[in-house]
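In what follows, a single structure is set out as C-alpha cells and then discussed.
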Amino acid sequence: MSLNTEVGFVAVDPGNRDLRGLIVRLDDELKSRYPHETIYVVDFSDPKVREMIFVVAYAADRPVGCGGLRPLAADSSVMELKRFYVDPDTRKQGIADRMLLDLEQRAQAAGCREIRLETGIKQPEATALYEKHGYRPIDLFGRYIGDPDSLCYGKSLS
C-alpha cells in the first residue's frame with residue numbers, strides 16, 4: 001500500500017469482528033511494550049461500551065486501523081480517545097492522521113468540545129502524532145492517576 005491508498009473510515013458496533021481483531025492486535029503490541037505493567041483494555045461486557053463511537057479504517061477492504069471515543073461527560077462535551085491503532089504494515093502512510101481527524105469530526109458532531117487521551121511512556125510515535133495535531137500534556141485523569149507509565153493529553157475542539 002502506498003501513501004495514496006484510499007482509506008475509508010466506517011462507524012461500527014462494538015461487536016464488529018474487524019474492530020475486535022484490531023483491538024486484540026493492539027493489546028498484544030502493548031503487552032510486548034509493557035510486559036510488566038498494567039494494560040488498560042476495553043471491557044466489552046460493560047454496558048457503557050454501547051455509548052462509545054468506534055471506527056474501523058479500511059484500505060482495499062482490509063481493516064487496517066481503529067479508534068474509539070468514550071463520553072467522559074453526561075452531555076458528551078468531553079470525550080476520551082480510546083483504542084487508537086494502525087496495523088504496523090500500514091503505518092507511515094497518513095492513516096493515523098486521517099483517522100484522528102475523522103474521530104475529531106465525529107466527536108464534534110456529537111457535541112464534544114474537548115478530547116482527552118492516555119498513552120504510554122514507551123509510545124513516542126503516538127505522542128508525536130498527538131502533539132502534531134494540537135494535543136497538549138494534561139494531568140493524569142481517571143484510572144490513570146498515579147500510573148507512572150501513563151501520559152495524558154487533551155485538545156479543545158472549539
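In this text the structure is predicted, and so the values were computed from the model without any measurement.
- A salt bridge links Arg50 and Asp13; the closest N-O separation between the charged side-chain nitrogens and carboxylate oxygens is under 4.0 Å.
- Taking CD of Gln108 as the reference point, atom CG of Leu103 lies at 12.0 Å (rounded to 0.5 Å).
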Donor-acceptor pairs are to be reported for all side-chain atoms of residues 133-141 against protein atoms at under 3.5 Å, with residues two or more places apart or in another chain.
unit_1	atom_1	unit_2	atom_2	d
His133	NE2	Asp97	OD1	2.6
Tyr135	OH	Glu104	OE2	2.8
Arg136	NH1	Glu131	O	3.4

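- Nearest heavy-atom pair across Met99 and Ala57 is SD-CB, 4.1 Å.
- The shortest side-chain heavy-atom distance between Glu37 and Ile121 does not fall under the 4.5 Å cut-off.
- A single hydrophobic cluster is not seen to contain both Tyr130 and Val78; linkage of ILVMFWY side chains at heavy-atom distances under 4.5 Å, directly or through other members, places them apart.
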Test side chain to side chain contact (heavy atoms under 4.5 Å, CB included) on Val56 and Asn16 and set out the steps.
CA-CA 9 Å; Val56 172; Asn16 178 277; 4.2 Å; yes
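- Nearest heavy atoms, Ser150 versus Glu118: OG-OE2, 2.7 Å.
- A distance of 10.0 Å separates OH of Tyr144 from OG1 of Thr119, quoted to the nearest 0.5 Å.
- Of all heavy-atom pairs between Gly146 and Pro148, the closest is O-CD, 3.2 Å.
- Note that CZ of Arg83 and CG of Leu30 are 6.0 Å apart. Values are rounded to the nearest 0.5 Å.
- Distance check: Gln105 CD to Leu157 CG gives 10.5 Å after rounding to the nearest 0.5 Å.
- Cluster membership check: Val64 does not share its hydrophobic cluster with Val24, using side-chain heavy-atom separations under 4.5 Å among Ile, Leu, Val, Met, Phe, Trp and Tyr.
- Side-chain contact between Gln93 and Val7 is absent, with no heavy-atom pair separated by less than 4.5 Å.
- Residues Phe44 and Ile39 are members of one and the same hydrophobic cluster, defined by side-chain heavy-atom contacts under 4.5 angstrom among Ile, Leu, Val, Met, Phe, Trp and Tyr.
- Side-chain contact between Phe54 and Cys66 is absent, with no heavy-atom pair separated by less than 4.5 Å.
- Note that OG of Ser76 is 10.5 Å distant from CZ of Arg113, once rounded to the nearest 0.5 Å.
- Rounding to the nearest 0.5 angstrom, the gap separating the CG atom in Asp87 from the CZ atom in Arg62 is 5.0 Å.
- A pairwise comparison of heavy atoms in Thr90 and Val86 identifies OG1-CG1, 3.5 Å as the closest pair.
- Evaluation of the side-chain hydrogen bond (donor to acceptor under 3.5 Å, both in side chains) rule for Glu125 yields Arg33 as partners, not counting sequence neighbours.
- Taking the centre and axis of the six-membered ring of Tyr40, the NZ or CZ atom of Arg143 falls outside the cone set by 45° and 6.0 Å.
- Connection of Phe84 to Tyr153 is established within a shared hydrophobic cluster, with ILVMFWY side chains joined at heavy-atom distances below 4.5 Å, either directly or through further cluster members.
- With sequence neighbours excluded, the residues satisfying salt bridge (charged side-chain N to carboxylate O under 4.0 Å, His left out) with Asp102 are Arg106.
- Both Val55 and Met79 are part of a single hydrophobic cluster, where members link through side-chain heavy atoms under 4.5 Å apart.
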Go through the steps to decide whether Gln123 and Tyr34 satisfy the test side-chain hydrogen bond (donor to acceptor under 3.5 Å, both in side chains), and finish with yes or no.
CA-CA 10 Å; Gln123 294 165 259; Tyr34 303 92; 3.0 Å; yes
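- With contacts defined as side-chain heavy-atom distances shorter than 4.5 Å, the pair Arg20/Ile23 does not qualify.
- Salt-bridge annotation for Arg91 and Glu29: present, with a side-chain N of the basic residue lying under 4.0 Å from a carboxylate O of the acidic one.
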Show, in sequence, the C-alpha distance, side-chain angles and deciding distance for Val10 and Tyr58, and conclude whether the side chain to side chain contact (heavy atoms under 4.5 Å, CB included) test is met.
CA-CA 8 Å; Val10 178; Tyr58 288 95; 3.9 Å; yes
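- A pairwise comparison of heavy atoms in Ala96 and Leu129 identifies CB-CD2, 3.9 Å as the closest pair.
- Residues Leu100 and Leu81 have side chains in contact (heavy-atom distance under 4.5 Å, counting atoms from C-beta outward).
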